[in-house]
Amino acid sequence: VQELLAVESRYMCEGVVFDKVLCRFDFKSESPLMLSCRLGDAVTVRALLRALHALSEHGDAGRMSESDLLNRPNASGRTALMMAVENAGQDYRTVEELCGVPEVDPNVATTAPTATLAEGTTALMIAAERGYLEKVRFLLARPETEAHRRNALDLTAMDLAASKLVAIAFSRRQALSDGHRPPPTG
């Protein structure tokens with residue numbers, strides 16, 4: 001992807017990068033940005049965001065606006081931001097890159113339940129539930145982030161974070177009562 005983004009600016013203005021790279025979706029309806037977020041590849045995410053912004057400034061973003069492309073969910077209802085939060089573990093660099101783009105909406109929520117996410121789940125809820133403190137901090141640094149929003153199960157990010165802590169405490173207690181060392185909390 002990075003090699004394709006190294007195209008001269010005259011090609012970018014002609015929309016080649018947008019049409020052939022940025023706006024290409026696979027069978028899961030995932031863009032190169034989403035795939036890079038899932039892999040936690042902050043360098044490629046940064047390059048894709050810069051290319052998208054440059055194209056938008058030149059008016060060559062094609063049929064989709066920058067905001068639409070950045071906040072578009074894949075087939076399972078996850079946005080690039082959700083995938084960055086969900087799939088890159090404790091590494092927060094992809095989330096940091098996305099949170100630095102004003103067009104990325106941290107409040108986009110899943111529209112249908114999946115095996116792991118309730119309908120109405122946001123990126124903040126995913127980060128809180130998984131205990132990714134740095135990612136939570138980046139998301140809450142955005143003034144428009146709705147920290148008290150509820151998903152279809154009527155849970156907020158704080159509720160999900162608390163359930164994570166209870167699960168850890170119970171696991172440690174159970175391990176101690178069984179005579180085992182408790183699992184690490186990290």
Side-chain angles (χ1 to χ4, degrees), residues 1-2 5 21-22 28-57 61 64-74 76-111 114 116-168 184-186:
V1 171
Q2 288 178 346
L5 292 174
V21 178
L22 296 176
K28 294 180 185 177
S29 194
E30 293 180 359
S31 67
L33 178 63
M34 290 176 174
L35 296 172
S36 297
C37 287
R38 181 182 330 155
L39 296 173
D41 185 350
V43 173
T44 303
V45 168
R46 184 179 312 116
L48 289 165
L49 291 171
R50 285 182 182 160
L52 179 59
H53 184 71
L55 289 167
S56 293
E57 282 188 340
M64 293 182 84
S65 71
E66 184 176 4
S67 177
D68 288 343
L69 185 61
L70 290 170
N71 298 304
R72 182 182 191 270
N74 67 5
S76 65
R78 290 167 171 83
T79 64
L81 181 59
M82 288 177 190
M83 294 174 85
V85 166
E86 188 174 46
N87 294 306
Q90 291 289 351
D91 186 351
Y92 59 86
R93 291 174 300 168
T94 53
V95 174
E96 180 181 22
E97 290 292 338
L98 290 166
C99 284
V101 178
E103 292 80 11
V104 173
D105 184 353
N107 298 311
V108 174
T110 55
T111 55
T114 67
T116 58
L117 299 176
E119 181 178 341
T121 298
T122 64
L124 178 62
M125 291 175 188
I126 295 168
E129 182 176 35
R130 295 190 182 193
Y132 298 154
L133 184 58
E134 287 301 318
K135 293 178 183 185
V136 168
R137 286 183 181 148
F138 278 110
L139 292 163
L140 288 176
R142 298 278 304 262
E144 70 274 21
T145 298
E146 297 172 6
H148 300 291
R149 185 177 186 156
R150 296 183 176 277
N151 66 13
L153 300 175
D154 202 33
L155 298 172
T156 65
M158 184 68 83
D159 296 330
L160 293 166
S163 69
K164 170 81 172 178
L165 290 174
V166 168
I168 290 170
T185 59

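Side-chain atoms of T122 and V108, non-hydrogen and from C-beta on, never get closer than 4.5 Å to each other. A 4.5 Å side-chain heavy-atom check between L81 and L139 finds at least one atom pair inside the cut-off. Side chains of L48 and S36 form a contact here, defined as non-hydrogen atoms less than 4.5 Å apart. Between L49 and E103 the shortest side-chain heavy-atom distance does not fall below 4.5 Å. Looking only at side-chain heavy atoms (C-beta outward), L155 and M125 stay at 4.5 Å or farther from each other. For the pair R149/L124, no side-chain contact is recorded, criterion being any heavy-atom separation below 4.5 Å from C-beta on. Residues R150 and D159 meet the side-chain proximity criterion, which asks for heavy atoms closer than 4.5 Å.
Here the OG1 atom belonging to T121 is positioned 7.5 Å from the CD atom belonging to E129, to the nearest 0.5 angstrom. For the atom pair CG of L33 and CG of L70, the computed distance is 6.5 Å after rounding to the nearest 0.5 Å. Atom CZ of F138 is separated from atom CZ of R93 by 11.0 Å, given to the nearest 0.5 angstrom. Going from atom OG1 of T79 over to atom CG of D105 covers 8.5 Å, rounded to the nearest 0.5 Å. Residue M34 holds its CE atom at 7.5 Å from CG of L69, rounded to the nearest 0.5 Å. Atom-to-atom distance recorded for R72:CZ and E30:CD is 10.0 Å, nearest 0.5 angstrom.
Formation of a donor-acceptor pair under 3.5 Å by the R142 side chain with backbone atoms of C99 is found in this model. Although no hydrogens or angles enter the test, the distance criterion places no donor-acceptor pair under 3.5 Å between the side chain of R38 and the main chain of E86. The backbone N or O of T116 lies less than 3.5 Å from a partner atom in the side chain of T114, making a donor-acceptor pair.
Considering V85, T44, L98, V95 in turn, L98 is the only one that fulfils the side-chain contact (heavy atoms from CB on, under 4.5 Å) rule with C37.
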Evaluate I126 against R78 for side-chain contact (heavy atoms from CB on, under 4.5 Å), listing each step before the verdict. CA-CA 11 Å; I126 295 168; R78 290 167 171 83; 5.7 Å; no
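The existence of a salt bridge linking R137 and E134 is confirmed by a sub-4.0 Å separation between a basic side-chain nitrogen and an acidic carboxylate oxygen.
In terms of heavy atoms, A118 sits closest to N151 at CB-ND2, 3.9 Å. Counting all heavy atoms, side chain and backbone alike, E144 lies closest to P106 at OE2-CD, 3.7 Å. Residues T110 and M82 approach most closely at N-CE, 3.8 Å, considering heavy atoms. A pairwise comparison of heavy atoms in A84 and K135 identifies O-NZ, 3.2 Å as the closest pair.
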